[in-house]
Number of protein chains: 2
Amino acid sequence: MFSKACEYGIRAATYIASQSLEGRRVSLKEIAEEIDSPVAFTAKILQQLSRNKIVASSKGAYGGFEIEKSNIERIKLGQIVHAIDGDKVYVGCGLGLKKCNANKPCPVHDRFVAIRDDLKNMLEATSLREMTMGLEVGTTYLKR
Amino acid sequence: MFSKACEYGIRAATYIASQSLEGRRVSLKEIAEEIDSPVAFTAKILQQLSRNKIVASSKGAYGGFEIEKSNIERIKLGQIVHAIDGDKVYVGCGLGLKKCNANKPCPVHDRFVAIRDDLKNMLEATSLREMTMGLEVGTTYLKR
DNA sequence: GTGTACTAGGACAAATTTGTCCGATTTATG
DNA sequence: CATAAATCGGACAAATTTGTCCTAGTACAC
Ligand code: FES
Ligand code: FES
């Protein structure tokens, strides 16, 4: 569905958001531990998210990653997916034709588009804030 | 969403089905041409489908691939996806945790499962016969 | 039987994705 | 200023997926 990079990205952003809500800036190392991801690979992904203004990074001692509180409400999953996987979730054809195209549709087009639109809506409706809710009370997890 | 192999597999099976309905057995070469896929790679995938009894192959001159008429009604997309991509569509977690698990869900679990179930239902409800319908009348395409 | 037109299958190659390593740079602190 | 703790970014390595090539075997036609 999503690339590994994207999965790590969402989990990382969610963890950062949960800590930022409590005023804590977190280090790469801590993030990787908390979401159970390879440290160096996670670093790359956080760079991407940083360039895309999804997370804020600060270098140097006591540096790390954080997300502005107002952005935690504002940032939607869709933005993270787009920053890492591009628009393939939105324009890709279910059967691998160059691009999904209603004018020359593949045999699953109608059925597929319905599902893809649901996914799209879900991604655009779900904020980082919502992602953190269950974490605080221990009903959802970022690793197992 | 699906692997390339799976996409080719669905397109190939759909094309074979459409031709089998007209009583024509088709060669690998023709299939690859009609679905615009790499010949040798398509051969591998057809071997898989053949081992899984989704298509029937016959060797030798005038050999090729076909699908029994009754099977065209019976075979669902889900079987093809399962034969090639396994069950990852069904058991995978949206955020990449080992397996989707309602007892220790990730933050997107509920939203994700809803969409995945729709996909699953679609795959299990769509027969090869339905896939071929638009092809005959030129409203759907297997290549562009 | 021989030639021809096919599929089967294994070994290999290329491309992409995932993941590692390390030096450079930045920043807080003493 | 020196040190330590952190991110940045480029080069590299490993793993997976995608794709190619070649040989063997099979069936039909003559
Ligand atoms: S054309 Fe294939 S999904 Fe739209
Ligand atoms: S646990 Fe992540 S989708 Fe179910």
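In what follows, chains are A, B, ... by sequence order, proteins preceding strands, each numbered from 1.
Closest contact between the side chain of B:Ser3 and the listed nucleotides D:dT18, C:dT7, C:dT18 involves D:dT18. Counting only heavy atoms from C-beta on, A:Tyr62 has its side chain closest to C:dA28 among C:dA28, C:dG9, D:dT18. Closest to the side chain of A:Ser27, out of C:dT27, D:dT18, D:dA6, is D:dA6. Side-chain atoms of A:Lys44 lie closest to C:dC21 of the nucleotides D:dT18, C:dC21, D:dC21. Of the listed nucleotides (D:dG10, D:dG19, D:dT20), D:dT20 has the atom at the smallest distance from the side chain of B:Ala40.
Atoms CD1 (B:Ile84) and P (D:dG19) sit 13 Å apart, rounded to a whole Å. Straight-line distance from the CG atom of B:Leu28 to the P atom of D:dA27: 18 Å, rounded to whole Å. Taking atom CD1 of residue A:Ile35 and atom P of nucleotide C:dG19, one finds them 11 Å apart after rounding to whole Å. Rounded to a whole Å, the CZ atom of A:Phe41 is 18 Å from the P atom of D:dA11. The distance between atom CZ of A:Arg24 and atom P of D:dA6, rounded to the nearest whole Å, is 12 Å. Here C:dG19 presents its P atom at 8 Å from CD1 of A:Ile45, a figure rounded to the nearest Å. Going from atom CZ of A:Phe65 over to atom P of D:dA6 covers 12 Å, rounded to whole Å. We find that OH of A:Tyr8 is positioned 15 Å from P of C:dT17, with the value rounded to whole Å.
Cluster annotation: A:Leu97 and B:Met1 are assigned to distinct hydrophobic clusters (Ile/Leu/Val/Met/Phe/Trp/Tyr, side-chain heavy-atom contacts under 4.5 Å, transitive).
Remark: the A:Ser127 side chain and the A:Arg74 side chain contain no N/O donor-acceptor pair separated by less than 3.5 Å. A donor-acceptor pair shorter than 3.5 Å cannot be found between the side chains of A:Arg25 and A:Ser20.
Using modelled atom types, one side-chain atom of A:Arg116 and one backbone atom of A:Gly92 make a donor-acceptor pair closer than 3.5 Å. The backbone N or O of A:Lys99 sits less than 3.5 Å from a side-chain atom of B:Arg144, completing a donor-acceptor pair.
Place B:Arg51 and A:Thr42 on DNA chain C by their nearest nucleotides, and B:Arg51 ends up nearer the 5' end. Annotation: of the two residues near DNA chain D, B:Lys59 and A:Gln47, the 5′-most nearest-nucleotide partner is A:Gln47. Mapping A:Ala61 and A:Cys6 onto DNA chain C by nearest heavy atom places A:Cys6 at the nucleotide closer to the 5' end.
Dashed line: the shortest gap from a side-chain N or O of A:Ser57 to OP1 or OP2 of D:dC8 is under 4.0 Å. The shortest distance between the side-chain N/O atoms of B:Arg25 and the OP1/OP2 oxygens of C:dC6 is not below 4.0 Å.
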